[in-house]
Amino acid sequence: MPDTDVPVSRERLLEMMTAFKSTYLLRAAIRLGVFDALAAGPADPDDVAAMLRADARGTRVLLRALAAAGLLKADGEQFTLPEGARELLVTSSPQYAGGVVDVASSDWEWDAMRDLAEVVRNGGTLLDANGESADFPYWADFATHLTFATRPGAAFVADTVLPWAKERESLDVLDVGCGHGLFGFALAEGDPRATVTCLDWPKVLDVARRHAERAGLGDRVRYLAGDAFEVEPDGTYDVVVLGNFLFQFSARRCVELVRRLAGRLKPGGRVVVVGFTTENGPPAADYHAHMLNLLMLAWTREGELHSTAMYRKILASAGLTDPSTAERPGLPLRIVLGHQA
Ligand SMILES: C[S@@+](CC[C@H](N)C(=O)[O-])C[C@H]1O[C@@H](n2cnc3c(N)ncnc32)[C@H](O)[C@@H]1O
């Protein structure tokens, strides 16, 4: 998050003007396998080039730039991994985070944002294939690689819902716009009675199915393919989860959808809205949410990040009672809950 109390300076401007170069530097290093190549120990550019099957000059320039950016350590012509790189950037590590580059720095985001000024003039996306298109390919990447907020977000959902769910006779969950499915799966992992119905586009559900099988939840998960605004879920649910979903749409469409979904809740059931929100405090406090809001502008017609106050209003307008908000220190996601009477 930038420090907004310091004056605008040439240094800050230069950092923002050239930020794309560090994005592409990291992306190239991950895609080429530089960090894996250095996992066995120090190497010089010619050795690394041979391991990567890449050009020697290209590799030398890349390694030096990575060292300049602090992603490698250089000792003369020998390059090594600095602290944190083995854990986060070597593919065999259980904490490997490099795959997120295909989401956070994806070509789909770049293409949507490349003419942001024109997007602003237009007031919405310029793309024919965009975030609202059926099976927009970005969503399968998102479901595959997740974001840094996904697992902590799933734990937040589980910790919020499971104590309440203990008192209920069942825990049937509908996860709308499930993506990877991990929010619903966290509930199933925490409560052996739980079933999860995942609703998303067909190719995204293929990814969710793989996550469910890896988690050993295959027989407790069902899949509902199609447009959340059109598909009529069968059955009734204790919990409807809407994770990072509603900000793709206007408040009016959110009310329309939540009202329909609330009709599928069992008595006393809950709608759980979880995701990034932009609040009314200092914008820098919600820096990542505001950057995400630019993306919603660039690849939807009416999407816009809503505040928790707006979500409470949406839930109330959809007929749910006692809308409330939950936050977790250090996590950029917030939860808004509404109850079926
Ligand atoms: C930002 S992702 C959220 C994934 C997950 N719930 C999370 O919070 O990490 C949005 C998901 O909504 C899905 N989606 C977008 N529009 C949809 C629609 N009209 N019907 C069904 N799914 C949709 C996308 O395919 C994507 O998986």
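Count residues from 1 along the sequence. For ligands, and for the atoms within them, numbers begin at 1 and follow the listed sequence.
In this structure, Asn130 and Thr300 have side chains that are not in contact, with every pair of non-hydrogen atoms separated by 4.5 Å or more. The side-chain heavy atoms of Trp164 and Val239, taken from C-beta on, include a pair separated by under 4.5 Å. Using a 4.5 Å heavy-atom threshold, the side chains of Thr277 and Ser307 count as separate.
The protein heavy atom nearest to atom 19 (N) of ligand 1 is Asp227 OD1, 2.9 Å. In terms of protein heavy-atom proximity, atom 2 (S) of ligand 1 is closest to Trp139 CZ3, 3.5 Å. Summary of contacts: the protein heavy atom closest to atom 3 (C) of ligand 1 is Gly243 O, 3.4 Å. With respect to atom 12 (O) of ligand 1, the closest heavy atom belonging to the protein is Phe245 CD1, 3.5 Å. Nearest non-hydrogen protein atom to atom 4 (C) of ligand 1 is Gly177 O, 3.4 Å. Shortest contact from atom 9 (O) of ligand 1 to any protein heavy atom: His180 NE2, 2.7 Å. Looking from atom 18 (C) of ligand 1 to the surrounding protein, the closest heavy atom is Trp201 CZ2, 3.4 Å. Ranking protein heavy atoms by distance to atom 25 (O) of ligand 1, first place goes to Asp200 OD1, 2.6 Å.
In this structure, Phe142 and Tyr138 have tilted ring planes: the angle between them lies in the 30° to 60° band. Using a 30° and 60° split on the angle between ring planes, His180 and Phe183 fall in the perpendicular class, above 60°.
Taking the ring centroids of His306 and Tyr311, they lie under the 6.0 Å cut-off.
Those atoms of ligand 1 with a heavy atom of Ala228 less than 4.0 angstrom away are 18 (C), 19 (N), 20 (N), 21 (C).
Neither the backbone nor the side chain of Phe136 has any atom closer than 4.0 Å to an atom of ligand 1 (non-hydrogen atoms only). Heavy atoms of Glu132 found under 4.0 angstrom from ligand 1: none, in either backbone or side chain. At a 4.0 Å heavy-atom cut-off, ligand 1 touches Cys178 through the backbone alone. Contacts of Val204 with ligand 1, taken as heavy-atom pairs under 4.0 Å, involve the side chain alone.
For the ligand labelled ligand 1, residue Gly275 lies outside the 4.0 Å heavy-atom shell. Residue Gly226 places a heavy atom less than 4.0 Å from ligand 1.
Look at Asp46 and Arg60 and you find no salt bridge, because none of the NZ, NE, NH1 or NH2 atoms lies under 4.0 Å from a carboxylate O.
Residue Asp175 places no N or O, backbone or side chain, under 3.5 Å from any N or O of ligand 1.
Nearest heavy-atom pair across Ala43 and Met51 is CB-CE, 4.1 Å.
The salt bridge (charged side-chain N to carboxylate O under 4.0 Å, His left out) test with Arg222 is passed by exactly one of Asp175, Asp172, Asp234: Asp234.
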Side-chain donor/acceptor pairs under 3.5 Å, residues 226-233, sequence neighbours excluded:
unit_1: Asp227; atom_1: OD1; unit_2: Phe229; atom_2: N; d: 2.9
unit_1: Glu232; atom_1: OE1; unit_2: Arg260; atom_2: NH1; d: 3.2

